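Chain naming here is simple, since letters A, B, ... match the order of the sequence lines and numbering starts at 1 in each. Just so you know, these numbers come straight off a predicted model, no measurement behind them.
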Amino acid sequence: MNIFILIKKDIRLFFKSKSAVLLTYLVPMVITLIFGAVFGGMGKPSGMNEIRILMVDDDKTEFSELFRTTIDSLPEIAVHTKYTSGDSTILFDIESMDEWIRRGKRSMGIFLPKGFEQRMKNGEKLPLEIHYDPKFAVEFGIINGIIQKVIMSKFSQLMFNSLWKKADEFLGEEKGNYFKSDISHTVNKYFPGSSNAEKDIFSSYAQTDNFELLESPIEIKSVQLLGEEEENIMFVQYVAGMAVMFLLFSVVHAGSSILEEKNNGTIKRLLIAPVKRREILTGKMLFVSLMGFSQLIVLFIFGWLVFSLNIFKDIPALLVMIVVTTLACSSLGILIAAICRNLNQVNGISTLLILGMSALGGSMFPSFLMPKYIQTIGKFTLTHWAMKGFTDIFWRNLHIKDILPSIGILLCICLVFSYIAIRIFKKRLVD
Amino acid sequence: MIEIKNLSKNYGDIQALKDVSLKIEGGELFGLLGPNGAGKTTMINILNTYLSFEKGDVLINNFNVREDESKIKKMVGVIPQEISLYDELTAMENLNFWGEIYGLSGKNLKQKCEDALMLVGLFDRRNNTLKKYSGGMKRRINIAASLLHNPQIILMDEPTIGVDPQSRNFIFEMIKQLHQQGKTIIYTTHYMEEAEKLCTKIAIIDHGEIIALGTKQELYKLLGEEDITTFKFKEKIDFQDYKKHLKNYSLTQLSDFAIQLTGKDLIKQLPKIIKVIDELPDETEEIDIIQPNLESVFLKLTGRELRE
Ligand SMILES: Nc1ncnc2c1ncn2[C@@H]1O[C@H](COP(=O)(O)OP(=O)(O)OP(=O)(O)O)[C@@H](O)[C@H]1O
Ligand SMILES: [Mg+2]
């Protein structure tokens, strides 16, 4: 009963403070809008790591093998064709590859269908499928470009075959031969050591994306595996990212009201009145969580209204994620209030901590675009697990049972932080 | 009735209360008078069960503060020394909150809050946030917030600190009213005038010990039948000089500029004394014949002034 009275009072105080209300609801909306506008739903990657992709080779020919090793030898790409299950190593097939991508274990995979080599010999376009998670649209674009470029530069012979064939079709056999000898002549004249010359010509084509002039010899079919219906896929990043970051700010602010009440003597007065220490702490934690929960709900609805974020995709999963994220963040807010002696300390520590966690954990900028070691450090932040949970729901269409690890970790964070905070407050609630 | 038996309380090395024994009857307006750090707040917080203590027994209406915490908490109203309210809430909202905390609700709560606002004379300003209140007005709400549950025993810890004269009079009237209603009130202060003016019984506390206890008149008797006179001078004096020339009188130095004489029938001998003092080099500024008061009781008992 006392707990409800305490929460009611805290809510009343919260809504009396215009700055708290603005910081909780309005400021994050504005910042999200700005982020959304600046990046327009698509960030450009900087400083990429090696992209790990899967490959399924249904052709199983010398040429398809050569293609794989060539791609694999590039510094930007690592190709995996097998996975281990128990003791055995299994080659990917198209189903298992797609499953891996759906589960977010890899961002994309390449499928080489039967007849890959044969078509090369026929001088036909090479068939090739790239299956990818649209979350990694940026990476997909890069891989796509790299493959085009590789084929043009490393398999230039192939290019010529294709070109000759085209010329024959287009000009007829006779004129075609003319054209061929003409080209050969020119190439040999200006670029002695013709294979190199060819390479340069074609790689420069590739670099300038000048494909209309010289049609690509490869037919890449792209297969989006997830979130096909999602239009503004990157907005999840901004909506969830900003929501989690501002959640941290507002729970810290709400948690620090304990310090204010310590200062103005009301906590002592409550303890003198028939209120128990644990009622004060429970009330405070519930208030902070309640406020955080309302904030996330408001911001996701905002995301739905403004960025058409499909929040109805899996409502139970989203609600569970909102609840556990709120709990984890709230416990951090209370812990900071427990550790700090005054509001200045709270402001100093929390600003540093929140901005750091948000940057490392992927609130400000998508994790997958960061260097590997940053991603590793990021895993130690609460933000990372919150963001992972939300993006799993929105990007990968995963459900509660698939995001249990994130849920579990956030709950553990909540328990550990709350426990420490309560231990500290046992001694320090008044003095 | 409040009974305190051999109560001792330490904060680490600091002995805040030393073997204190007191009996306070129901309906008493009991003054606890003492300088800063004497142990007044400590005493109040032991009575309201907030603080634990090492030794002794404290009974309130036969309930033991160690065992019957929740019963006692409902029985007493505590007015804390510091203003302990929510500045951002209005007076009405503050009172509502504290009323709810003490278990009031609905119409009864509203009625009690309005009554309390009337009692402290701030009904008209009930919807202003406390931020807009003066210190004295906040003090009045600070008191009102502890009276909503109609406690039989009221513990007031220096409720007039930093208060303008108008609010102070208001608070005094309130306390008298509560006393007339038959409440038991413990009132701590370091203003001896307040204790003298208000209280039916007074304990003087110093360094954690009760050094005197009784009604005002009983305490004055501690001064004996002696008269007190103080002399203030325009410049610093040499106290030893005065001691030598006035060796037949009991003499204390109040400051570099003032001395005090006590003695039987002092007033009759005043002309003689003035003559002696006039012969000394310092120029006299003021001569006071002091009526007996708690200040002089304190001075006599401790050799120090109540207000340093
Ligand atoms: N929480 C505490 N920790 C350590 N020492 C304390 C604490 N509270 C009070 N004391 C010490 O105990 C003694 C009595 O303090 P108390 O607050 O009871 O005095 P007081 O009579 O109320 O003084 P004041 O008129 O200044 O309010 C003082 O010496 C004080 O320094
Ligand atoms: Mg005090």
Any chance you could measure [X], atom [atom1], to [Y], atom [atom2], to the nearest 0.5 Å?
X         : Y         : atom1 : atom2 : answer
Tyr102(B) : Asn2(A)   : OH    : CG    : 10.5 Å
Gln81(B)  : Lys268(A) : CD    : NZ    : 8.5 Å
Leu13(A)  : Leu89(B)  : CG    : CG    : 4.0 Å
Ile5(A)   : Phe97(B)  : CD1   : CZ    : 7.5 Å
Ser70(B)  : Lys276(A) : OG    : NZ    : 6.5 Å
Asn94(B)  : Thr266(A) : CG    : OG1   : 9.5 Å

key: Greatest number of heavy atom pairs closer than 4.5 Å to chain A - which of Asn96(B), Thr129(B), Leu85(B)   =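 Ranked by contacts with chain A, first place is Leu85(B).
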
Segment of [X] engaging chain A (4.5 angstrom heavy-atom cut-off):
X        : value
Asn45(B) : side chain
Thr90(B) : both
Leu51(B) : neither

ask   = Looking only at heavy atoms, what is the nearest atom pair of Val275(A) and Lys73(B), with distance?
value =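 In terms of heavy atoms, the two residues are closest at O-NZ, 4.3 Å.
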
key: Segment of Leu6(A) engaging chain B (4.5 angstrom heavy-atom cut-off)   =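 Looking at Leu6(A), backbone and side chain both touch chain B.
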
key: Qualifying residue for side chain to side chain contact (heavy atoms under 4.5 Å, CB included) with Ile272(A), from Leu155(B), Ile44(B), Val78(B)   =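 Among the candidates, only Val78(B) passes.
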
key: Non-hydrogen side-chain atoms of Lys8(A) and Glu100(B) separated by less than 4.5 Å   =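 Lys8(A) vs Glu100(B): side chains touch.
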
task = Taking the side chain as every heavy atom from C-beta outward, state whether Asp87(B) and Glu260(A) have any atom pair closer than 4.5 Å.
result =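 No - every pair of side-chain heavy atoms lies 4.5 Å or more apart.
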
query = So, Arg269(A) and Glu82(B), do they make that salt bridge, N to O below 4.0 Å?
reply =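 Glu82(B) and Arg269(A): not salt-bridged.
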
query = Can a salt bridge be assigned to the pair Glu88(B) and Arg12(A) using a cut-off of 4.0 Å between side-chain N and carboxylate O?
reply =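 Result for this pair is no, no salt bridge flagged.
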
inquiry  = Between Glu261(A) and Tyr86(B), is the side-chain contact (heavy atoms from CB on, under 4.5 Å) condition met? List the steps.
reply    = CA-CA 8 Å; Glu261(A) 288 196 51; Tyr86(B) 298 100; 2.6 Å; yes

